[in-house]
Number of protein chains: 2
Amino acid sequence: MYERKIPEDLDCGINITMKVLSGKWKPCIIDSIHKGVRRPVEIHAAIPAAAPRVINMQLRELEEFGIVTKKVFPDSVPLKVEYYLTPIGESVMPVIRAIERWGDENKEYVITTSATMESAGK
Amino acid sequence: MYERKIPEDLDCGINITMKVLSGKWKPCIIDSIHKGVRRPVEIHAAIPAAAPRVINMQLRELEEFGIVTKKVFPDSVPLKVEYYLTPIGESVMPVIRAIERWGDENKEYVITTSATMESAGK
DNA sequence: GCGCATGGGGAATAAATTTTCCCTGTGGGA
DNA sequence: TCCCACAGGGAAAATTTATTCCCCATGCGC
């Protein structure tokens, strides 16, 4: 990870969750794994917009936080790796679901609003 | 706002919500307003860790997205301004609550885990 | 040997976001 | 007059985060 220079305030729960979930692709990664997408290549395929390197790094961070665990099959060739959600990882799913649901329900609105914003003042 | 150079994918609901909520202090700001903290000075006081300038900018972005509305009392001196959640703003509250709840429930865990991460490899 | 797929990392660069510094303007009070 | 509280913005610097480019290793098939 990076070395923080600005201290973070972990007072309110919002910031705690954000510390774990912040990362452009982390919620998507968690959601994918929850859906049963376990192998790195599959995760990359599921989120093509993200560079593989970024997904690797965010997976590592999620692993450090105990959100996911990594299972390596040392004898299989080509090398096989699988990621699973830990119980803590499972416990964030309601949060991800809430985020996803709101987004799905307000997709139209957000897209048209942000389009309007761009054509107006920027 | 800033001019994006990397296109965003607004396919999945997660990214939609994140577009609206991303911003270091936005969830806190929304939560504060929901709790009845309406005037800019009060919001600043409620989130002392954030620079006032940042809060102003994020408020403006939230306003552009229709999450909050601004009510100005032109005749009062000193100038009085109040922010309110719009119906859409109210509709994100369940998301904020879910984020807040998970953070509160896992505060200890996250804090000790991130402390361990720092003392180990960084 | 060569190229493939698998899983991954270092270093540099680019982009996005936040923070700091200082400025605008109003009207009240000392 | 000078300074206060209020609300807010421009510009630059700093910080944080993402992305790109190229590298490593294994064992298979040709």
Side-chain angles (χ1 to χ4, degrees), chain A residues 1-9 15 18-29 33 37-64 68-83 114 121-122, chain B residues 1-9 15 18-29 33 37-45 47-64 68-83 114 118 121-122:
Chain A
M1 284 226 280
Y2 313 88
E3 190 185 351
R4 298 209 134 264
K5 295 191 178 169
I6 294 180
E8 40 192 357
D9 62 329
N15 293 336
M18 284 312 175
K19 182 177 175 60
V20 176
L21 251 43
S22 78
K24 190 161 172 180
W25 309 101
K26 287 209 190 101
C28 290
I29 292 171
I33 295 176
V37 182
R38 315 217 162 284
R39 305 189 60 184
V41 238
E42 292 167 359
I43 300 175
H44 297 160
I47 313 174
R53 182 80 168 82
V54 181
I55 296 185
N56 290 342
M57 292 194 316
Q58 306 214 340
L59 273 171
R60 188 150 26 89
E61 288 175 17
L62 289 171
E63 199 190 352
E64 288 177 332
V68 303
T69 34
K70 182 173 163 182
K71 180 166 188 183
V72 182
F73 299 78
D75 298 324
S76 70
V77 164
L79 191 54
K80 189 173 168 187
V81 171
E82 286 183 351
Y83 286 96
S114 68
K122 186 185 68 186
Chain B
M1 285 234 272
Y2 314 88
E3 190 185 350
R4 297 208 135 266
K5 295 190 178 170
I6 293 181
E8 40 191 357
D9 61 329
N15 293 335
M18 283 313 175
K19 182 176 176 62
V20 176
L21 252 43
S22 78
K24 191 162 173 180
W25 309 102
K26 287 209 190 103
C28 291
I29 292 171
I33 295 176
V37 183
R38 316 216 161 284
R39 304 192 57 188
V41 238
E42 292 168 358
I43 299 175
H44 298 160
I47 314 174
R53 182 80 168 83
V54 182
I55 298 185
N56 290 341
M57 292 194 317
Q58 306 215 338
L59 273 171
R60 189 151 24 88
E61 288 175 16
L62 289 171
E63 199 190 351
E64 288 176 331
V68 303
T69 34
K70 182 171 161 182
K71 180 167 187 181
V72 183
F73 298 79
D75 299 325
S76 69
V77 166
L79 191 54
K80 189 173 167 185
V81 171
E82 286 183 350
Y83 286 96
S114 68
E118 275 175 36
K122 186 187 66 185

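Owing to the predicted nature of the structure, the values given are computational and were not obtained by experimental measurement. Every chain is numbered from 1 and lettered A, B, ... according to where its sequence line falls, protein lines coming before strand lines.
- Between B/L62 atom CG and C/dT17 atom P the separation is 14 Å, expressed in whole Å.
- Atom P of nucleotide D/dG9 and atom CE of B/M57 are separated by 10 Å, given to the nearest angstrom.
- Residue B/I55 holds its CD1 atom at 13.5 Å from CZ of B/R60, rounded to the nearest 0.5 Å.
- Separating the CZ atom of B/R53 from the P atom of D/dG9 is a distance of 7 Å, rounded to the nearest angstrom.
- Rounded to whole angstrom, the span from the CE atom of B/M18 across to the C1' atom of C/dA16 amounts to 16 Å.
- Here C/dG7 presents its P atom at 11 Å from CZ of A/F73, a figure rounded to the nearest Å.
- The shortest distance between the side-chain N/O atoms of A/Q58 and the OP1/OP2 oxygens of D/dA18 is below 4.0 Å.
- Shown here for A/L62 and A/K26, the closest heavy-atom pair between the two residues is CD2-CD, 3.4 Å.
- What separates NZ of B/K5 from P of D/dT20 is a distance of 14 Å, to the nearest Å.
- Distance, A/R38 CZ to C/dT6 C1': 19 Å, rounded to whole Å.
- Between A/L21 and A/P27 the shortest heavy-atom distance is O-CD, 3.6 Å.
- In this structure, B/K70 fails the cation-pi test against B/Y83, since its NZ or CZ atom is not both closer than 6.0 Å to the six-membered ring centre and inside 45 degrees of the ring normal.
- Nearest heavy atoms, B/Q58 versus B/I29: CB-CD1, 3.8 Å.
- An OP1 or OP2 oxygen of D/dT16 is reached within less than 4.0 angstrom by no side-chain nitrogen or oxygen of B/K24.
- Heavy atoms only, all atoms of each residue included: B/H44 and B/N56 are closest at NE2-OD1, 3.5 Å.
- Look at CD on A/E64: it is 10 Å from P on C/dG9, rounded to the nearest Å.
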Kindly give the atom pairs (protein nitrogen or oxygen, nucleotide nitrogen or oxygen) under 3.5 Å for nucleotides 2-8 of chain D.
unit_1: D/dC6; atom_1: O3'; unit_2: B/R39; atom_2: NH2; d: 3.4
unit_1: D/dC6; atom_1: O3'; unit_2: B/L79; atom_2: O; d: 3.4
unit_1: D/dA7; atom_1: OP1; unit_2: B/R39; atom_2: NH2; d: 3.3
unit_1: D/dA7; atom_1: OP2; unit_2: B/V41; atom_2: N; d: 3.3
unit_1: D/dG8; atom_1: OP1; unit_2: B/K70; atom_2: NZ; d: 2.8

